[in-house]
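Read through the structure below, which is laid out as structure tokens, and then see the notes.
When reading the values below, keep in mind they use all heavy atoms of this one structure, side chains included, and skip hydrogens, waters and symmetry mates. In what follows, chains are A, B, ... by sequence order, proteins preceding strands, each numbered from 1.
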Amino acid sequence: MEYNFKDIESKWQKIWEDNKVFEAKNDYSRPKYYPLVEFPYPSGKGLHVGHPRPYTALDIVARKRRLEGYNVLYTIGWDAFGLPAENFAIKNKIHPAIVTKDNIKKFKSQLKSLGLSFDWSREIDTTSPQYYKWTQWIFLKLFEKDLAYKKEMNVNWCTSCKVVLANEEVVGGVCERCGGQVVRKEKQQWMLKITDYAQKLLDGLDKVRYPKKIKLSQQNWIGKSTGASVFFESSQGEKIEVYTTRPDTLFGVTHLVLAPEHELIKKWSNNINNIDEIKKYCQESAKKSDFERLELNKEKTGVKIEGIKAINPVNNKKIDIYISDYVLVGYGTGAIMAVPAHDQRDWEFAKKYNINILEVVSGGDVNKQAFSEDGIIINSEFLNGLSISQAKEKMIEWLENNKKGNAKTNFKLRDWVFSRQRYWGEPIPIIHCEKCGMVPVPEDQLPLELPDVDNYQPTDDGQSPLAMIKDWVNVKCPVCGADAKRETDTMPQWAGSSWYFLRYCDPDNNKELASREALNYWLPVDWYNGGMEHTTLHLLYSRFWYKFLYDIGVVPTDEPYSRRTSHGLILGFNGEKMSKSKGNVVNPDDIINQYGADTMRLYEMFIGDFEQSAPWNSDSIKGCKRFLDKVWGLQDLLDRSCESNKKDFSSKLEISFNKTIKKITEDIENLKFNTAIAALMALLNEINNIKTINQKELKTYLILLNPFAPHITEEIWSICNFEGYITDQKWPDFDESKCQDFVVQIAIQINGKIKARIDINKDLDKSEVIKIAKENINISEEIKNKIIKKEIYVPGKLVNIVV
RNA sequence: GCCGGAGUGGCGAAAUCGGCAGACGCACAGGACUUAAAAUCCUGGGAGGUAAAACUCGUACCGGUUCAAGUCCGGUCUCCGGCACCA
């Protein structure tokens with residue numbers, strides 16, 4: 001029976017809004033629950049059907065929690081700084097703030113039409129000065145604690161646009177937009193010392209409930225390794241420090257490899273015989289992005305430095321030095337000791353350049369490939385006969401005693417490049433004074449607002465467009481009053497998103513980023529859902545900021561998120577990622593117009609395993625619409641007699657209802673929204689077979705369905721004259737003892753092959769069941785004249801007789 | 001190259017403390033209702049095989065463990081996502 005979803009949905013959305021049904025209460029005595037979804041970047045394209053998947057999922061959780069009696073904080077905001085708005089501004093000369101405002105308006109109306117139970121009174125926008133005042137404040141705290149600093153860094157530089165590019169904007173070595181040549185250019189960048197928190201970020205993972213794959217990704221990203229620093233000496237007398245995880249193989253070192261950017265190469269330039277060749281190689285590798293180096297380096301390249309040698313500290317042997325771009329300047333010391341016998345990359349390099357291979361761990365065939373497994377040390381003087389781990393220990397001891405090195409822990413994690421030469425971001429609140437150096441903008445002058453500019457294009461030398469506004473740039477030093485200049489770089493988009501969930505707790509606070517009272521109550525976030533693509537950047541950055549804020553006493557716990565889950569992508573009908581160019585984008589507005597928000601929500605959740613990606617299929621939506629039409633028809637099956645009203649569940653449906661309550665209750669907690677809906681469908685089919693439903697059953701059914709399809713369930717509740725609103729009801733309990741049928745069907749197997757099925761009482765014990773099984777006509781035939789070796793009974797499932 | 005995830009009907013998918021593979025839905029086919037169509041309702045279905053059964057095969061591929069394997073173990077292939085050759 002079709003229902004008028006248009007009227008019903010707008011009616012209830014208005015009632016919820018007018019009555020502030022979903023506003024979180026500032027009543028800190030009640031049990032709280034804080035579910036969180038990643039807030040969107042409001043792009044000009046509007047929502048696509050992928051957005052509502054996580055929002056609906058946690059909306060279901062939020063609605064269920066409210067029914068369970070919790071004070072719930074579920075809200076949304078806008079991560080609105082970023083490149084697309086800026087590029088749009090450059091092209092069309094429209095202020096990004098105006099574009100952003102329009103986009104937000106569109107996103108908001110789209111989200112509202114889904115009936116999500118967001119507390120809109122707490123909505124935030126990272127580009128509003130009231131918000132970024134506190135982003136800047138956190139930056140100043142980091143600066144104060146020496147966790148923000150400036151450093152020369154390589155950036156991608158488009159030689160034709162004269163713009164710094166993100167890795168993503170570099171495609172095949174050229175600028176994505178203009179096709180110009182991209183080179184690596186040295187530039188001063190603001191950095192945040194996330195590496196100071198590497199160990200804490202690692203340790204914190206033990207305390208939180210994240211999926212294994214997310215913990216693993218973060219662990220791999222942080223990449224702790226233990227090994228040693230070893231000091232080689234050059235024939236010129238300089239110390240060349242290398243980091244190795246295999247100090248046990250030091251006697252197997254055949255050469256050193258330096259990164260092309262290594263500082264010693266400049267220093268040696270007068271002493272290198274083949275300096276032209278070296279310079280050429282360095283220039284070539286400077287053209288490559290990291291990604292390209294990765295691509296191109298399947299075949300190792302490198303150049304030997306002629307005229308300079310290194311001395312191996314353990315045996316004083318003179319060895320060659322090479323440069324190669326498979327060694328990265330940003331990791332370790334930018335120099336490695338090469339042990340071709342026991343490292344595959346070194347092995348390949350050695351084979352190509354005809355370098356000796358010195359075996360120092362026995363067990364493999366180092367002529368065929370590098371041997372990196374465990375073995376006994378050989379050819380290594382005082383290490384001979386030891387295992388790898390013993391040899392590591394002994395070598396480190398030797399290095400330390402002889403001042404030739406030391407034990408060292410290394411992290412792969414690099415510091416966070418925090419500045420952008422862009423307009424549409426938070427201005428970095430620092431003033432450069434010739435006398436006083438880098439001076440923070442005084443806190444009472446925050447927010448340091450973004451000034452208006454006429455042109456959003458960066459300057460020719462790659463400075464932010466802010467550098468062109470002379471009366472903004474030129475200021476007096478807050479310390480000494482001399483002429484000074486403002487920092488013109490802005491912050492990356494990651495800044496605003498690193499702490500937004502704190503602001504939700506107290507969004508209008510003008511004195512603090514949020515009151516301590518509110519933070520104490522709401523934090524930590526109980527359940528945070530987001531995309532896998534944010535696992536190693538956003539998720540790690542925000543944990544870092546949070547831990548920092550904990551250390552300076554701003555937040556009450558040391559981890560921000562108790563639980564993290566991630567959703568799979570919604571793909572186009574063709575199984576590819578949705579994108580305009582592929583023509584497979586689906587707009588949720590169309591679906592809602594045609595089928596309604598409840599159907600849309602249901603299909604988003606029914607489409608498949610929440611954590612797995614799934615292709616969108618506009619034909620399959622019909623099933624969800626049909627289901628809701630049938631739910632609408634339940635009104636007609638309601639037995640309105642007095643008798644019925646007093647009843648508990650009817651005997652026919654009692655078990656089914658208990659089973660379903662249990663299943664829905666558990667499935668929602670376990671992200672199994674698809675099977676929860678399947679269970680509701682199955683129960684509905686059962687009710688339709690019986691053709692009657694009593695009051696308790698209908699009420700229970702509506703409450704169970706409510707988190708998934710909130711509008712239709714409210715409407716039926718109200719039409720049936722049930723008391724109050726469905727949003728004020730209590731989530732149903734189930735009786736564990738009534739979750740299983742008395743009579744169950746079990747399979748009977750002979751040697752693992754099914755030969756019969758029988759119905760038995762679930763409480764019968766093994767011998768009784770096997771007795772009944774053997775009496776079955778098929779079975780008695782089968783086992784006649786055979787020797788029974790084994791009889792197995794799996795309660796409620798099957799009997800297997802082995803003959 | 002490395003790391004992570006996944007391969008099950010025509011399609012989306014269920015079932016992983018080893019225990020009846022394919023719940024629920026889409027599409028499809030047949031039937032009912034209708035002048036007719038749409039909508040709705042009922043019925044059907046992994047493949048082969050049979051008049052119908054029996055039976056055989058079947059969860060990417062090869063092998064193993066087990067009374068029993070989609071699920072566990074060893075190896076291989078393919079697809080998707082991420083990446084910083086991390087010494």
Taken to the nearest whole Å, OH/A:Y603 to C1'/B:C11 is 10 Å
A:N356-A:T254 side chain donor-acceptor pair, cut-off 3.5 Å: no
Distance check: side-chain N/O of A:R414 vs OP1/OP2 of B:A84, anything under 4.0 Å?
no
Out of B:C24, B:G19, B:G12, minimum distance to the side chain of A:Q749 belongs to B:G19
Residues pairing under side chain to side chain donor-acceptor pair (under 3.5 Å) where one sits in residues 531-544 of chain A, two or more places apart or in two chains, turn out to be A:E38-A:H534, A:Q218-A:R543, A:Y528-A:H538, A:S542-A:Y561, A:R543-A:E559
Next on the checklist: Distance to the ring centre below 6.0 angstrom and angle to the axis at most 45 degrees; does that hold for A:K239 and A:F231?
Outcome noted: yes
Of the candidates B:C24, B:C57, B:A21, the side chain of A:A682 sits closest to B:C24
The nucleotide from B:C67, B:C26, B:C24 with an atom nearest the side chain of A:S620 is B:C26
- Quick one: label A:D346 by what it contacts on the DNA or RNA (base, sugar-phosphate, nothing), any heavy atom closer than 4.0 Å. nothing
Smallest heavy-atom separation, A:I214 atom then A:Y210 atom, equals CG2-CD2, 3.9 Å
Closest non-hydrogen contact found for A:V360 with A:H342 is N-NE2, 3.0 Å
When A:D619 and A:K755 are each assigned the nearest nucleotide of RNA chain B, the 5'-most assignment goes to A:D619
Of the listed B:A87, B:C67, B:C26, the closest approach to the A:I336 side chain comes from B:A87
**Prompt:** Checking all strands, does A:E791 fall into the base, sugar-phosphate, or nothing category for heavy-atom contacts under 4.0 angstrom?
**Reply:** nothing
Rounded P spacing from B:G44 to B:A60 in Å
28 Å
The glycosidic conformation of B:G7, counting syn as within 90° of 0 and anti otherwise, is anti
How far, in whole Å, is B:C55 from B:U8 if one measures between their P atoms? 29 Å
Of B:C41, B:A87, B:A14, the nucleotide closest to the side chain of A:V327 is B:A87
Checking B:A13, B:U40, B:C24 against the side chain of A:A678 (C-beta onward), the nearest is B:C24
inquiry  = Does a side-chain N or O of A:K412 approach OP1 or OP2 of B:A87 to a distance below 4.0 Å, or not?
reply    = no
(Q) Looking at B:G19, I'd like to know if its phosphate oxygens (OP1 or OP2) sit under 4.0 Å from a side-chain N or O belonging to A:K797. (A) no
Among B:A84, B:C57, B:A87, the one nearest any side-chain atom of A:T244 is B:A87
(message) Under 6.0 Å between ring centres: does that hold for A:F349 and A:H255?
(response) yes
The residue, A:I607 or A:D629, whose nearest nucleotide of RNA chain B is more 5′ is A:I607
**Request:** Measure centre to centre between the rings of A:Y603 and A:W616, then say whether the value is under 6.0 Å.
**Result:** yes
* Asked: When rounded to the nearest Å, what value does the distance between P atoms of B:G7 and B:C61 take?
  -> 13 Å
Closest of B:A6, B:C24, B:A87 to the A:D343 side chain is B:A87
- At under 4.0 Å between heavy atoms, what does A:I754 touch on the DNA or RNA strands: base, sugar-phosphate, or nothing? sugar-phosphate
Side-chain contact check for A:W221: nearest option of B:G4, B:C57, B:A84 is B:A84
Atom CD1 of A:I677 and atom P of B:C26 are separated, to the nearest Å, by 13 Å
Looking only at B:A13, B:G25, B:C26, the nucleotide nearest the A:F606 side chain is B:G25
Practice prompt. Between B:G31 and B:A37, how far apart are the P atoms? Round to whole Å, please.
Written response: 11 Å
Parallel under 30°, tilted from 30 to 60°, perpendicular over 60°: which one fits the rings of A:H48 and A:H51?
tilted
Practice task
Pick base, sugar-phosphate or nothing for A:L216, based on heavy-atom distances below 4.0 Å to the nucleic acid.
Solution key: sugar-phosphate
Within the 4.0 Å heavy-atom criterion, would you say A:L413 contacts the bases, only the backbone, or no part of the nucleic acid?
base
Output row for RNA chain B, stems defined as at least 3 consecutive Watson-Crick or G-U pairs under 3.5 Å, is B:1-7 with B:77-83, B:10-12 with B:24-26, B:28-32 with B:40-44, B:46-48 with B:55-57, B:60-64 with B:72-76
Quiz prompt | Under-4.0 Å side-chain N/O to phosphate OP1/OP2 contact, A:N751 with B:A68 | solution = no
Rounded to whole Å, CZ of A:R246 lies from C1' of B:A87 at a distance of 11 Å
inquiry  = Please determine whether a side-chain nitrogen or oxygen atom of A:T536 lies at a distance below 4.0 Å from atom OP1 or OP2 of B:G82.
reply    = no
Looking for any heavy atom pair under 4.0 Å, which part of the strands does A:N800 touch: base, sugar-phosphate only, or nothing?
base
Check your understanding: Between A:T56 and A:E604, is any side-chain donor less than 3.5 angstrom from a side-chain acceptor?
Key -> no
Taken to the nearest whole Å, NE2/A:H567 to P/B:G81 is 15 Å
For this session: For B:G25, take OP1 and OP2 only and decide whether either is under 4.0 Å from a side-chain N or O of A:N685.
Result: yes
Exercise. Quick one: label A:M532 by what it contacts on the DNA or RNA (base, sugar-phosphate, nothing), any heavy atom closer than 4.0 Å.
Key: nothing
To the nearest angstrom, the CD-C1' distance between A:E348 and B:G1 comes to 9 Å
In whole angstroms, the gap separating P of B:A13 from CE of A:M605 amounts to 14 Å
- Task: Check every strand shown and say whether A:T535 touches a base, only sugar-phosphate, or nothing at a heavy-atom separation below 4.0 Å.
- Result: nothing
> Distance only, no hydrogens: is a donor on one side chain within 3.5 Å (strictly under) of an acceptor on the other, for A:Y281 and A:T301?
Replying inline: yes
Practice task
Sticking with atom P, work out how far B:A27 lies from B:A21, rounded to a whole angstrom.
Solution key: 29 Å
Query raised in the report: If the P atom of B:U34 is compared with that of B:A54, how far apart are they to the nearest Å?
Result: 39 Å
Between NZ of A:K753 and P of B:G58 the distance, given in whole Å, is 9 Å
- Whole-angstrom distance between B:U65 and B:C73, as gauged at atom P: 16 Å
**Prompt:** Do we see a donor-acceptor contact under 3.5 Å between the side chains of A:S225 and A:N410?
**Reply:** no
B:C80 and B:A29: how far apart are their C1' atoms, nearest whole angstrom?
35 Å
ask   = How would you label the contact of A:K630 with the nucleic acid (heavy atoms, under 4.0 Å): base, sugar-phosphate, or nothing?
value = sugar-phosphate
A:L680 atom CG is separated from B:A14 atom P, nearest whole Å, by 16 Å
- Item | Cationic N near anionic O, under 4.0 Å, A:K672 to A:E666 | no
